[in-house]
A.B. asks: 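Let me give you the structure first, and then I'll get to my questions.
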Amino acid sequence: MLHRGYDIWITDDEGRRMPEYKMEVEGHNGKTVACYIPSESGKRFAIHWKDYNGLHTSSMSMVVDGTHRVGNVCRPNDHGHRIGIRTDHAEVYHPFQFAALRTTDDDSALLETKAHALEKLGTIEVNVTRVHSHVRRAAFRPQAFSGVGAVHERSKKLGAHCVTLGEGVRVRRLHGRCKSRPLDPREGPYATFTFRYRPAALLQAQGIMPPPAPEAGPSLAKHEKVQAGNKVKTRSEARVQVKSEAADVIELSDDDYPMDRKPSVRVKRELGRRTRVKPDLDDVIDLTLDD
C-alpha cells in the first residue's frame with residue numbers, strides 16, 4: 001500500500017508481492033490505511049518498505065497480532081524488509097509464518113482473552129514514525145515471542161490464522177540494534193499501515209476477494225473444440241464434408257464459387273432420379289538496523 005509517501009507491502013515465501021484487497025483510508029486524521037491479504041497456513045512472509053519522501057529518517061515499527069513489536073530504521077529514500085525475529089542468537093532469524101489459529105471450548109479462555117486482543121488478532125500493523133537522523137547503537141538482546149494462544153471457539157475466529165515463527169535461518173551479515181528519538185513526540189505515527197490477513201476461502205466467502213477462475217476441464221475443452229470447428233472457413237478451405245453413404249453419394253465442392261453463392265449440396269441417386277438434400281450449417285524506540 002502506498003500512503004503519505006511510503007510504500008509498505010507483504011511478500012509470500014517465494015518473494016512475490018501479495019495482492020491487496022479493499023484498501024481504505026481509516027480514522028479521522030487520514031493517517032491510517034488498511035487492506036486485506038490472503039494468508040496460507042504454514043507459509044512464510046516478509047514485510048517490506050520503501051521511502052519515497054526522502055526527507056527524514058524513519059522508524060518502521062511492526063506489530064503482529066497486536067502483541068509482538070519489532071522495529072527497523074529506514075534512511076531517507078531507502079528501502080528494506082523484515083523476515084522475522086531473533087529470539088536467541090544475533091545471526092539467526094526465525095521467519096514470520098502464518099498458522100491455523102487454535103481454538104478451545106474452555107470458558108476460562110473467554111476471560112483471558114481481552115476484546116482489544118481479539119480485534120488485533122489477524123493483523124500486521126506497520127507504524128512509520130519520523131525520527132532524528134542520529135541513532136545510538138545498542139548491544140544485541142534476544143526478543144521474546146510467545147505466539148498466540150488458543151482462543152475460545154465462540155470468539156468468532158473459527159478458521160482464522162495467526163502468526164508464528166518458523167525454523168531459524170542463519171544470516172551472513174550481523175544486524176545491530178539502535179535507539180532513536182521521535183522528531184516530534186506529539187506527532188505520533190506519521191502513517192500507519194494495517195494488513196488484515198485471512199484465509200483466501202474466507203475472503204472469497206465474504207466477497208472481499210474474487211473467486212478463483214474455473215479450470216479448463218474436459219467439457220470446457222470439448223466446447224472450445226466445437227466452437228473452433230464452427231468458425232467460417234476461408235474460400236480456399238471451404239469444402240462440404242459428406243460422409244460416404246454406400247456408393248451412391250457424390251461429394252461436391254464449392255471451390256469454384258464465390259463465398260456469397262449458395263453452399264454446395266449433396267446429391268443422392270435414387271432410382272435414376274437426383275434428389276436435392278439440404279446443406280449442413282514511547283519517546284525512545286528500540287529498533288534494529290536495516291535487514
Side-chain angles (χ1 to χ4, degrees), residues 1-11 17-18 20 23 25-35 37 45-87 90-96 116 120 123-145 163 165 171 173-197 282-291:
M1 291 185 288
L2 181 62
H3 187 54
R4 306 200 75 185
Y6 291 90
D7 190 14
I8 313 291
W9 69 97
I10 311 293
T11 58
R17 184 165 182 156
M18 300 183 70
E20 300 162 355
M23 176 179 168
V25 176
E26 300 181 342
H28 64 281
N29 56 16
K31 291 184 177 182
T32 302
V33 65
C35 73
I37 60 172
F45 67 89
I47 305 171
H48 296 252
W49 57 86
K50 168 64 179 174
D51 173 21
Y52 287 102
N53 287 321
L55 299 176
H56 304 283
T57 299
S58 305
S59 76
M60 300 293 169
S61 178
M62 290 149 274
V63 186
V64 179
D65 290 328
T67 57
H68 309 292
R69 182 186 298 271
V70 293
N72 283 74
V73 168
C74 178
R75 301 294 183 181
N77 288 319
D78 204 357
H79 62 89
H81 68 281
R82 184 89 187 199
I83 64 171
I85 298 176
R86 296 179 293 177
T87 61
E91 69 276 10
V92 177
Y93 274 89
H94 290 269
F96 295 123
H116 174 74
K120 293 293 185 177
T123 64
I124 301 169
E125 188 176 278
V126 181
N127 295 300
V128 181
T129 303
R130 300 188 292 183
V131 299
H132 288 281
S133 58
H134 176 71
V135 296
R136 293 183 291 116
R137 295 277 179 173
F140 167 74
R141 185 179 64 190
Q143 295 174 296
F145 187 93
V163 172
L165 298 180
V171 294
R173 176 188 171 196
L174 296 182
H175 300 150
R177 291 177 60 247
C178 64
K179 291 185 178 181
S180 64
R181 293 182 298 114
L183 202 61
D184 182 359
R186 297 169 299 180
E187 181 183 53
Y190 178 77
T192 298
F193 298 78
T194 302
F195 297 86
R196 299 185 175 103
Y197 61 89
D282 169 339
D283 293 351
V284 177
I285 305 172
D286 192 353
L287 304 165
T288 301
L289 286 176
D290 57 326
D291 285 353

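Note that the coordinates shown come from a computational prediction; the quantities given were computed from them, not determined experimentally.
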A.B. asks: Just do the salt bridge (charged side-chain N to carboxylate O under 4.0 Å, His left out) check on Lys31 and Glu26 with the steps written out, would you?
C.D. replies: CA-CA 8 Å; Lys31 291 184 177 182; Glu26 300 181 342; over 6 Å; no

A.B. asks: Could you tell me whether the side chains of Arg130 and Thr57 share a donor-acceptor contact shorter than 3.5 Å?
C.D. replies: no

A.B. asks: Between His3 and Gly30, is there a donor-acceptor pair closer than 3.5 Å when you use the side chain of the first and the backbone of the second?
C.D. replies: yes

A.B. asks: Check the angle between the aromatic planes of His48 and Trp9 and answer parallel, tilted or perpendicular using the 30° and 60° thresholds.
C.D. replies: parallel

A.B. asks: Kindly determine whether Asp7 and Trp49 satisfy side chain to side chain contact (heavy atoms under 4.5 Å, CB included), including the steps that lead there.
C.D. replies: CA-CA 6 Å; Asp7 190 14; Trp49 57 86; over 6 Å; no

A.B. asks: Rounded to the nearest 0.5 Å, how far apart are OG of Ser59 and CG of Leu183?
C.D. replies: 11.0 Å

A.B. asks: Distance check, rounded to the nearest 0.5 Å: Ile10 atom CD1 versus Tyr197 atom OH?
C.D. replies: 10.5 Å

A.B. asks: For Asp51 versus Arg75, what's the shortest heavy-atom pair and its separation?
C.D. replies: OD2-O, 3.8 Å

A.B. asks: Does Arg17 have more than 12 heavy atoms from other residues, nucleotides or ligands lying within 6.0 Å of its CZ?
C.D. replies: yes

A.B. asks: Looking only at heavy atoms, what is the nearest atom pair of Gly66 and Thr123, with distance?
C.D. replies: N-OG1, 4.4 Å

A.B. asks: Calculate, to the nearest 0.5 Å, the distance between atoms OG1 and CZ belonging to Thr32 and Arg4 respectively.
C.D. replies: 9.5 Å

A.B. asks: Taking C-beta and beyond as the side chain, do Glu20 and Ile37 meet within less than 4.5 Å on heavy atoms?
C.D. replies: yes

A.B. asks: Checking side chain to side chain contact (heavy atoms under 4.5 Å, CB included) for the pair Glu125/Lys120: CA distance, chi angles, key distance, verdict?
C.D. replies: CA-CA 9 Å; Glu125 188 176 278; Lys120 293 293 185 177; 3.1 Å; yes

A.B. asks: State the CD1-CZ distance between Ile124 and Phe45, to the nearest 0.5 angstrom.
C.D. replies: 4.0 Å

A.B. asks: Closest heavy-atom contact between Gln143 and Arg82?
C.D. replies: OE1-NH2, 3.4 Å

A.B. asks: Measure across Phe193 and Ala191 and return the closest heavy-atom pair with its distance rounded to 0.1 Å.
C.D. replies: CE1-CB, 3.9 Å

A.B. asks: Determine whether a donor-acceptor pair (N or O, by modelled atom type, separation under 3.5 Å) exists between the side chain of Asp65 and the backbone of Val163.
C.D. replies: yes

A.B. asks: Quick one: closest heavy-atom pair of Met60 and Cys74, and the distance?
C.D. replies: CE-CB, 3.8 Å

A.B. asks: Atom NE2 in His132, atom CZ in Arg181: separation rounded to 0.5 Å?
C.D. replies: 4.0 Å

A.B. asks: Name the orientation class of the two ring planes belonging to Tyr190 and Tyr6 (parallel below 30°, tilted from 30 to 60°, perpendicular beyond 60°).
C.D. replies: perpendicular

A.B. asks: Using the rule given for side chain to side chain contact (heavy atoms under 4.5 Å, CB included), can you reason through Phe145 versus Val70, listing the C-alpha separation, both sets of side-chain angles and the distance that settles it, and then say yes or no?
C.D. replies: CA-CA 10 Å; Phe145 187 93; Val70 293; over 6 Å; no

A.B. asks: Of all heavy-atom pairs between Met18 and Thr11, which one has the smallest distance, and what is that distance?
C.D. replies: CG-C, 3.9 Å

A.B. asks: Return yes if some donor-acceptor pair links the side-chain N/O of Asn53 with the main-chain N/O of Asn77 below 3.5 Å, else return no.
C.D. replies: no

A.B. asks: When you look at Val131 and His56, which way does the side chain to side chain contact (heavy atoms under 4.5 Å, CB included) test go after all the steps?
C.D. replies: CA-CA 7 Å; Val131 299; His56 304 283; over 6 Å; no

A.B. asks: State which residues pass ring-ring contact (aromatic ring centres under 6.0 Å, His included) with Phe195; sequence neighbours excluded, sorted by chain then number.
C.D. replies: none

A.B. asks: If we only count heavy atoms from C-beta on, is the Thr192 to Val33 side-chain gap below 4.5 Å?
C.D. replies: no

A.B. asks: Apply the side-chain contact (heavy atoms from CB on, under 4.5 Å) test between Met62 and each candidate in Val126, Asn127, Ile8; give the one that qualifies.
C.D. replies: Val126

